[in-house]
Amino acid sequence: MKFKSIKGTRDILPGEVETWQRAEAAIHRVMRGYNYREIRTPIFEQTALFARSIGELTDIVSKEMYTFKDRSDESLTLKPEETASVLRAYIQHGLGEQAPLTKVYYIGPMFRQERPQAGRLRQFHQFGAEAVGSSSPHLDVEMTLIALDIYRNMGIQQFSLAINSVGCEKCRPAYKQKLVQELRKTHDRLSPESQARVRHNPLRVLDSKDERDQQLTKHAPLMKDHLCTECGEHFVQVQALLKATRTPFKIDGRLVRGLDYYTKTAFEITSPALGSQDALAGGGRYDLLVEELGGKPTPGVGFAAGMERLLIALEKSGSVSDKSVNLILFIAAADEPARQWAFVKAHELRMKGLTVEIDYLDRSLKSQMREANRQQARYVIVVGENELASGSAKLKNMQTGEETVLDLGAIEKAVKV
Ligand code: HAM
């Protein structure tokens, strides 16, 4: 029997993983600049945590979660997103009592049983941030700035930011009624999916991808035009701060997003390099969610971004980095005593932080040289009986071809850049 990886999951092989590491380094760097601290939560949680936060009737909860019963019959779910887990940890560990504002970030795998396609996987990776404890619009904008800084840092220049306000518990119910009244007029001509949404989540009818739905809802009222004073002012401030930081954006009154917890600001960053799955990142404010999950009423805001999508955008922008490992030294050994010596020396140099390789396949000197070349080693040193007896050997600079005779005790100094 041949084993294969599960549909919608991917191996990240050497050669590709270096780009992931570069992206992760950029994420850590930018997050540190904004003073966010990393948080790591378990891969699985109680199913109810996600049902309660993301919303029972959302696509994620109703059809995409990897949910299973463990041996004690408890319903568990592989996390489809991180916000719920972060807030669970925030409440569980009383983080709100330790500081008035908690700013955390994460990078890790998430799981959704979606139909796999380019940029859409069943195990994918997100990086993101959550700021819990403040209702300041500065933080809404900070979320977009962090994401955009990471993209720019990586060399991605083409993206667009769309923002909207989805209101709050004060202004949304009345608006919803108005919207439903309007949608009822053309109800029978809407797609079956939108018809179901009219009942459960009418706002999502507005961001239907179905062209006919879009046509039919062209003149539907939008939440952003029916905000209460507080939400309206917040939305104006967000726009002013985006302008003050010279962040190009557009207002998209139909932007709703597929998670139920948002209040006030919702945003999405898209890239033209991505094709149909064009969302690089999404986020927004969730001022009711901490309370909904059993904590004290605490406002919050955050975003998450797809790692795989970042990497696709990066590849399209042509700024994928050099894939070599940066091998400093290859020690080629001519015979058994030299192999022993090379093994011990390599250990010594590796302990000093150098990347060093030796031969493990009993290859001839010639083929060891070929291997050093294939791995783009910066230097090669050849040792055999004579070299061990004399205590010196030839060091070859593989870039310039230059050879120098070297004391075997002085290798570290000679190869250090
Ligand atoms: P989301 O829009 O569901 O939001 O996901 C955020 C990003 O994750 C998407 O924009 C996309 O780049 C990536 N993504 C989602 N599903 C997949 C998939 N199946 N394959 C590949 N990439 C995917 C959230 O998850 C919220 N927790 C964001 C948030 C944080 N809101 C507030 N705080």
Side-chain angles (χ1 to χ4, degrees), residues 6-10 12 23 27 36 39 41 45 49-50 53-55 58-61 63-66 78-88 90 102-132 139-140 142-144 146-148 150-151 156 159-164 166 204 207 255-271 273-290 293 299-314:
I6 308 291
K7 190 173 164 194
T9 70
R10 283 190 59 223
I12 305 159
I27 294 161
Y36 283 68
I39 185 167
T41 67
E45 300 267 3
L49 172 69
F50 301 116
S53 55
I54 301 169
T58 58
D59 288 351
I60 298 178
V61 173
K63 45 188 190 206
E64 294 169 3
M65 295 205 306
Y66 280 98
L78 301 184
K79 60 182 172 190
E81 61 113 47
E82 186 66 43
T83 311
S85 300
V86 166
L87 295 188
R88 195 259 316 128
Y90 172 89
T102 301
K103 302 210 293 184
V104 290
Y105 76 96
Y106 45 84
I107 310 177
M110 310 289 154
F111 307 84
R112 294 182 195 175
Q113 192 165 0
E114 297 192 73
R115 197 169 46 78
Q117 62 181 87
R120 193 160 75 187
L121 289 144
R122 291 181 168 178
Q123 174 174 340
F124 59 101
H125 298 75
Q126 282 187 344
F127 62 92
E130 313 290 342
V132 190
L139 285 166
D140 305 34
E142 185 160 297
M143 291 302 158
T144 66
I146 294 174
L148 296 178
I150 290 168
Y151 295 136
I156 298 170
F159 39 70
S160 51
L161 167 66
I163 62 164
N164 192 18
V166 295
R204 287 226 62 203
D207 77 354
L255 179 73
V256 177
R257 308 204 16 79
L259 304 99
D260 280 354
Y261 49 60
Y262 293 113
T263 51
K264 296 188 175 136
T265 314
F267 71 87
E268 221 153 65
I269 300 169
T270 52
S271 158
L274 289 182
S276 72
Q277 298 302 311
D278 66 350
L280 275 173
R285 187 160 270 292
Y286 44 79
D287 289 344
L288 305 175
L289 189 51
V290 175
L293 294 177
V301 61
F303 84 96
M307 276 292 267
E308 286 81 359
R309 295 189 189 179
L310 161 80
L311 296 175
I312 294 171
L314 195 62

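Every number for a ligand or one of its atoms is a count from 1 in the order of the listing.
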TODO: Search all heavy atoms of E82 against all heavy atoms of Q126 and return the closest pair with its distance.
DONE: N-OE1, 4.1 Å
- [ ] Mind listing the closest non-hydrogen atom pair of A305 and Y151 along with its distance?
- [x] CB-OH, 3.3 Å
Should the proximity of [X] to ligand 1, defined as any heavy atom under 4.0 Å, be assigned to the side chain, the backbone, both, or neither?
| X | value |
| --- | --- |
| Y261 | side chain |
| P80 | neither |
| R112 | side chain |

Backbone or side chain, does any N or O of [X] fall under 3.5 Å from an N or O of ligand 1?
| X | answer |
| --- | --- |
| F124 | no |
| L280 | yes |
| E308 | no |
| E82 | no |
| V301 | no |
| E130 | yes |
| Q126 | yes |
| T83 | yes |
| G283 | no |

TODO: Check whether any side-chain heavy atom of L310 sits under 4.5 Å from a side-chain heavy atom of F127, and report yes or no.
DONE: yes
Open item on the list: Quick check: do I146 and Y105 have side-chain heavy atoms less than 4.5 Å from each other?
Closed with: no
Open item on the list: Checking side-chain polar atoms at under 3.5 Å, does Y261 have a donor or acceptor matched by the opposite partner on T83?
Closed with: yes
- [ ] Mark the output for E268 as yes if a heavy-atom distance to ligand 1 is under 4.0 Å, and as no if none is.
- [x] no
TODO: Look at ligand 1 and say whether G258 reaches it with a heavy atom at a distance under 4.0 Å.
DONE: no
- [ ] Take the angle between the ring planes of F303 and F267 and call it parallel below 30°, perpendicular above 60°, tilted in between.
- [x] tilted
Which atoms from ligand 1 have a heavy atom of [X] less than 4.0 Å away?
| X | value |
| --- | --- |
| A281 | 10 (O) |
| A279 | 10 (O), 11 (C), 12 (O) |
| F303 | 29 (C), 30 (C), 32 (C), 33 (N) |
| G119 | 20 (N), 21 (C), 22 (N) |

Which option out of [options] puts a heavy atom nearest to [atom]?
| atom | options | answer |
| --- | --- | --- |
| atom 1 (P) of ligand 1 | Q117, Q123, R257, K79 | R257 |
| atom 7 (C) of ligand 1 | A304, S53, G8, A147 | A304 |
| atom 19 (N) of ligand 1 | E114, R285, Q277 | E114 |

Open item on the list: Check this for me, if you would: do E142 and K103 make a salt bridge, where the nitrogen-to-carboxylate-oxygen distance has to be below 4.0 angstrom?
Closed with: yes
- [ ] Evaluate the side chain to side chain donor-acceptor pair (under 3.5 Å) criterion for residues S276 and Q117: first the C-alpha distance (whole Å), next the side-chain angles of each, then the deciding distance (0.1 Å), finally the verdict.
- [x] CA-CA 10 Å; S276 72; Q117 62 181 87; 3.1 Å; yes
Provide, to 0.1 Å, the distance between [atom] and the closest protein heavy atom, together with that atom's residue and name.
| atom | value |
| --- | --- |
| atom 31 (N) of ligand 1 | Y262 OH, 2.6 Å |
| atom 27 (N) of ligand 1 | E81 OE1, 2.5 Å |
| atom 20 (N) of ligand 1 | L121 N, 2.9 Å |

Ignoring hydrogens and geometry, is there a side-chain-to-backbone donor-acceptor pair from [X] to [Y] under 3.5 Å?
| X | Y | value |
| --- | --- | --- |
| E308 | H125 | yes |
| K264 | D140 | no |
| R309 | L280 | no |
| R122 | E114 | yes |

Task: Of L148, T270, D278, the residue whose pairing with F159 passes side chain to side chain contact (heavy atoms under 4.5 Å, CB included) - done: L148
